[in-house]
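I have placed the structure first, in the form of structure tokens, so that the comments after it can refer back to it.
What you see is a predicted model; the values in this text were computed from it and never measured. Atom set for the values below is all heavy atoms of this structure, side chains included, hydrogens, waters and symmetry mates excluded.
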Amino acid sequence: MTGALVLAGCGSGSGDSQAELSISGAYIPQPVSDSMAAGFLTITNKGGSKDELTSITSDIGEVTAHETVDSSMREVKEVDVPAHGQLVFKSGGSHLMFEKLKRKPEEGEKVTVKLHFAESGTVTVEMPVKSATYHPTTGH
């Protein structure tokens, strides 16, 4: 199980008025393809202000956020993390898409991903590579 990372947003005012992000449930199913992979995680915001995921980077290749609408997948440039809410990237829904892989991640290793937010800055996440058929108990 991946531990949660917590990052409080910078800014003035009371603690409830800024974003307070944590990341949980991060994983990558071992990719079948040598050039593409998917990633899943949950971003929770316990703060009183929304934040925005503006980009994702990783040393293994290009990473973008995708959403699934009516069984069709499309890239999204910026994704809101609502105040007192969650942004969930899960199998069959919104997800991280790794493309142009420099190497194929193998089950058992961890892939470092940097999530870049408009207000909270950069959060680094270690995403474990699980079996291709892995289904977490959380339903992601």
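Across every non-hydrogen atom of Ser120 and Ala19, the tightest pair is OG-CB, 3.9 Å.
Checked by atom type, the side-chain pair Thr42/Gln86 shows no donor-acceptor distance below 3.5 Å. Between the side chains of Ser91 and His135, no donor-acceptor pair of N or O atoms lies under 3.5 Å. Glu126 and Thr112 form a side-chain donor-acceptor contact under 3.5 Å, judged by distance and modelled atom types alone.
Formation of a donor-acceptor pair under 3.5 Å by the Asn45 side chain with backbone atoms of Glu20 is found in this model. Between the side chain of Glu52 and the main chain of Asp80, no donor-acceptor pair closer than 3.5 Å is present. Checked by atom type and distance alone, the side chain of Ser131 pairs as donor or acceptor with a backbone atom of Tyr134 at under 3.5 Å.
With respect to the salt-bridge test (charged N to carboxylate O, under 4.0 angstrom), the residues Glu106 and Lys104 do not qualify. Salt-bridge check for Lys100 with Glu62: passed, with a basic side-chain N closer than 4.0 Å to an acidic carboxylate O.
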Quiz item: Can you check salt bridge (Lys or Arg N to Asp or Glu O under 4.0 Å) on Glu67 and Arg74, steps first, answer last?
Solution: CA-CA 6 Å; Glu67 65 180 5; Arg74 68 178 181 150; 2.3 Å; yes
Exercise. Could you walk me through whether Thr124 and Val113 pass the side-chain contact (heavy atoms from CB on, under 4.5 Å) test, one step at a time?
Key: CA-CA 6 Å; Thr124 300; Val113 175; over 6 Å; no
Self-check item: Phe89 and Phe40: CA distance, side-chain angles, deciding distance, ring-ring contact (aromatic ring centres under 6.0 Å, His included) verdict
Solution: CA-CA 5 Å; Phe89 292 100; Phe40 309 105; 8.8 Å; no
Practice problem: Carefully, step by step, assess Thr64 and Leu96 under the rule side-chain contact (heavy atoms from CB on, under 4.5 Å). | Solution: CA-CA 6 Å; Thr64 52; Leu96 303 182; over 6 Å; no
Self-check item: Test salt bridge (Lys or Arg N to Asp or Glu O under 4.0 Å) applied to Lys130 and Glu109, step by step
Solution: CA-CA 8 Å; Lys130 303 288 190 175; Glu109 75 173 282; over 6 Å; no
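Taken to the nearest 0.5 Å, the CG atom of Asp51 stands 8.5 Å off from the OG1 atom of Thr54.
The environment of Lys50 atom NZ is dense: over 12 non-hydrogen atoms of other residues, nucleotides or ligands sit within 6.0 angstrom.
Looking at Leu101 and Asp34, their side chains never come closer than 4.5 Å, going by heavy atoms from C-beta outward. Proximity of Thr44 to Lys46: side-chain heavy atoms (C-beta onward) are separated by under 4.5 Å at one or more points. Between Val79 and Leu87, the closest side-chain pair of non-hydrogen atoms falls below 4.5 Å. Ile43 places a side-chain heavy atom less than 4.5 Å from the side chain of Phe117. For the pair Phe98/Met127, a side-chain contact is recorded, criterion being any heavy-atom separation below 4.5 Å from C-beta on. The side-chain heavy atoms of His116 and Ile56, taken from C-beta on, include no pair separated by under 4.5 Å.
Contacts of His66 classified as ring pair (Phe, Tyr, Trp, His ring centres under 6.0 Å), with partners at least two apart in sequence or in another chain: His95. In this structure, Thr68 has no side chain to side chain donor-acceptor pair (under 3.5 Å) partners at least two apart in sequence or on a different chain.
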